[in-house]
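Quick notes on the structure that follows.
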Amino acid sequence: MERIAGQTAVVTGASSGIGRAYARALADAGAHVVLVGRNEERLRSVADALPGEHLAVPIDVSVDGGAAEIVRAATERFGRIDVLLANAGLYLPGDFAEADLSAVRALLDVNVYGALAIVREVLPAMVAAGAGDIIVTSSVSGHQAIHWEPVYSASKHAIQAFTHGVRRQLVGSGVRMGAIAPGVVLNELWGIGEEASAKIAAEIAAARGIDSTDVAEAVLFMLSRPRHVNIRDLVILPTAQEI
């Protein structure tokens, strides 16, 4: 973890679930954490519980100018951005024939455009510095089409294509880029809050789900590899998950 200590890390979608676990893990490893989320009250609650230096930026990554504002606030406070965890995301299951198109657009705005926008804003300074790490939160449904969540699956397929394409553009720059693709994670995205500890423990014991901290630990592993190692894709699943 000594490679992470003292670095500045931006985490989008940091007010709950995987993003909250990312923020906690990075802060515990000694990073300066910039937490981004739409819900200011929840975001500040997470930030206030972190050790070390941190900054909460309550903003929607999908709004015009949002990504630029995040980067401006982070660099004004800490001088640079070393790590970006582009994690903000929405979930929409169900039959597409019955889908609410406004919900479809909102999901694509956050899951796809929001990720692309924040990556675009951090890249020039990382390339100029010859170093940096970008990890995008994908999903196992970005590796195969899952029929009960076709819109969400499509958004994660887009993230996979984006990550692979931009990583190839970055070869030789010193900037690493990859994606982590979880399966069933027992958090708010699936309607399970931290207060449901007994349910989470039971599902983990049955190997039907993993915890957000499991994903965060995997991301710390990706970030702490020697600079000559770039983990492009890491799929992390509960042992009993078939897909």
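The basis for the numbers below is simple: all heavy atoms, side chains too, and nothing from hydrogens, waters or symmetry mates. Given the structure is predicted, the values throughout are model-derived calculations rather than measurements.
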Q. Would a hydrophobic clustering, with Ile, Leu, Val, Met, Phe, Trp and Tyr connected at side-chain separations under 4.5 Å, put Tyr113 with Ile59?
A. no

Q. Backbone N or O of Ile134 within a donor-acceptor pair of the Arg176 side chain at under 3.5 Å?
A. no

Q) For the side chain of Ser224 and the backbone of Leu220, is there at least one donor-acceptor N/O pair under 3.5 Å apart? A) yes

Q. Distance-only, no hydrogens or angles: does the Thr163 side chain make a donor-acceptor pair with backbone N or O of Gln160 under 3.5 Å?
A. no

(Q) If you define the side chain from C-beta out and look only at heavy atoms, does anything of Arg232 sit under 4.5 Å from Arg167? (A) yes

(Q) Determine whether Leu107 and Ser155 satisfy the following criterion, side chain to side chain contact (heavy atoms under 4.5 Å, CB included), listing intermediate values before the conclusion. (A) CA-CA 8 Å; Leu107 181 146; Ser155 75; 3.7 Å; yes

**Q.** Leu35 side chain reached by Arg20 side chain, heavy atoms, under 4.5 Å
**A.** no

Q. Under 3.5 Å, side chain of Asn39 to main-chain N/O of Arg42, donor-acceptor pair present?
A. yes

Q: Decide whether Ile159 and Ile243 are clustered together by the hydrophobic rule: side chain heavy atoms of Ile, Leu, Val, Met, Phe, Trp, Tyr closer than 4.5 Å, transitively.
A: yes

Q | Arg72 atom CZ, neighbour heavy-atom count above 12 within 6.0 Å | A | yes

Q | Full working for side chain to side chain contact (heavy atoms under 4.5 Å, CB included) between Ile81 and Val83 | A | CA-CA 6 Å; Ile81 296 171; Val83 175; 5.9 Å; no

Q: Measure the spacing between CD of Glu121 and OG1 of Thr75 and express it to the nearest 0.5 Å.
A: 10.5 Å

Q: Go through the steps to decide whether His164 and Asp233 satisfy the test side chain to side chain donor-acceptor pair (under 3.5 Å), and finish with yes or no.
A: CA-CA 9 Å; His164 293 177; Asp233 288 293; 2.8 Å; yes

Q: Specify whether Tyr91 and Tyr152 have parallel, tilted or perpendicular ring planes, treating 30° as the upper limit for parallel and 60° as the lower limit for perpendicular.
A: perpendicular

Q) Are Val184 and Ile210 close enough that some pair of their side-chain heavy atoms sits under 4.5 Å apart? A) no

(Q) Is there a side-chain contact between Val140 and Leu237 in this structure, where contact means two heavy atoms from C-beta onward sitting under 4.5 Å apart? (A) yes

Q | Within 6.0 Å of CD in Glu76, more than 12 heavy atoms from elsewhere | A | yes

Q. If you take all heavy atoms of Gln7 and Arg80, which pair is closest and at what distance?
A. CA-NH2, 4.2 Å

Q: Could you tell me whether the side chain of Val34 reaches within less than 4.5 Å of the side chain of His54, counting heavy atoms only?
A: no

Q: Taking Ser173 for its side chain and Leu170 for its backbone only, find out whether a donor-acceptor pair lies under 3.5 Å.
A: yes

Q | Which atom of Arg208 lies closest to which atom of Pro238, heavy atoms considered | A | C-CB, 3.6 Å

Q.
Could you tell me if the side chain of Ser141 sits less than 4.5 Å from the side chain of Glu149, heavy atoms only?
A. yes

Q: Return the minimal non-hydrogen interatomic distance between Gly174 and Arg227, and the atom names on each side.
A: O-NH2, 3.0 Å

Q. How far apart are the C-alpha atoms of Ile180 and Ile135, what are their side-chain angles, what is the distance that settles it, and do they pass the side chain to side chain contact (heavy atoms under 4.5 Å, CB included) test?
A. CA-CA 7 Å; Ile180 185 162; Ile135 298 177; 4.2 Å; yes

Q.
Run the side chain to side chain donor-acceptor pair (under 3.5 Å) test on Ser62 and Asp109 for me, step by step, so that the C-alpha distance in whole Å, both residues' side-chain angles and the decisive distance to 0.1 Å come before the verdict.
A. CA-CA 6 Å; Ser62 69; Asp109 283 348; 5.3 Å; no

Q | Expected output: side-chain Asp82 to main-chain Thr8 donor-acceptor under 3.5 Å | A | yes

Q: Keeping the roles fixed (side chain from Asn111, backbone from Leu108), state whether a donor-acceptor pair exists under 3.5 Å.
A: no

**Q.** Hphob cluster co-occupancy, Val229 + Ile236, side-chain heavy atoms under 4.5 angstrom
**A.** yes

**Q.** Reference residue Leu85; test side-chain contact (heavy atoms from CB on, under 4.5 Å); the match among Val11, Val36, Thr12
**A.** Val11

Q. Can you name the nearest heavy-atom pair linking Ala145 to His157, along with the distance?
A. N-CE1, 3.7 Å

Q: Show your working on side chain to side chain contact (heavy atoms under 4.5 Å, CB included) between Val119 and Phe162 and close with a plain yes or no.
A: CA-CA 10 Å; Val119 171; Phe162 171 69; 3.8 Å; yes

Q | Nearest non-hydrogen partners of Val166 and Met177, listed with the distance | A | CG1-SD, 3.5 Å

Q) Hey, are the side chains of Val215 and Thr137 touching, using non-hydrogen atoms and a 4.5 Å cut-off? A) no

Q: Report yes or no: is the cationic atom of Arg225 (NZ for Lys, CZ for Arg) closer than 6.0 Å to the six-membered ring centre of Phe221, at no more than 45° off its axis?
A: yes

Q. How far does CD1 of Ile118 sit from CG of Asn87, to the nearest 0.5 angstrom?
A. 12.5 Å

Q) If you count the non-hydrogen atoms of other residues, nucleotides and ligands that lie under 6.0 Å from CZ in Arg120, is the total more than 12? A) no

(Q) Please report the interatomic distance NE2(His147) to CG(Asp95), rounded to the nearest 0.5 Å. (A) 9.0 Å

Q | Pairing of Arg3 and Asp133 as salt bridge, 4.0 angstrom limit | A | no

Q) Roughly how far, to the nearest 0.5 Å, is CZ of Arg38 from CG of Leu43? A) 12.0 Å

Q | Closest non-hydrogen atom pair between Ile18 and Pro182, with its separation | A | CD1-CG, 4.1 Å

Q) Taking side chain as C-beta onward, heavy atoms only, is Val10 less than 4.5 Å from Ile70? A) yes

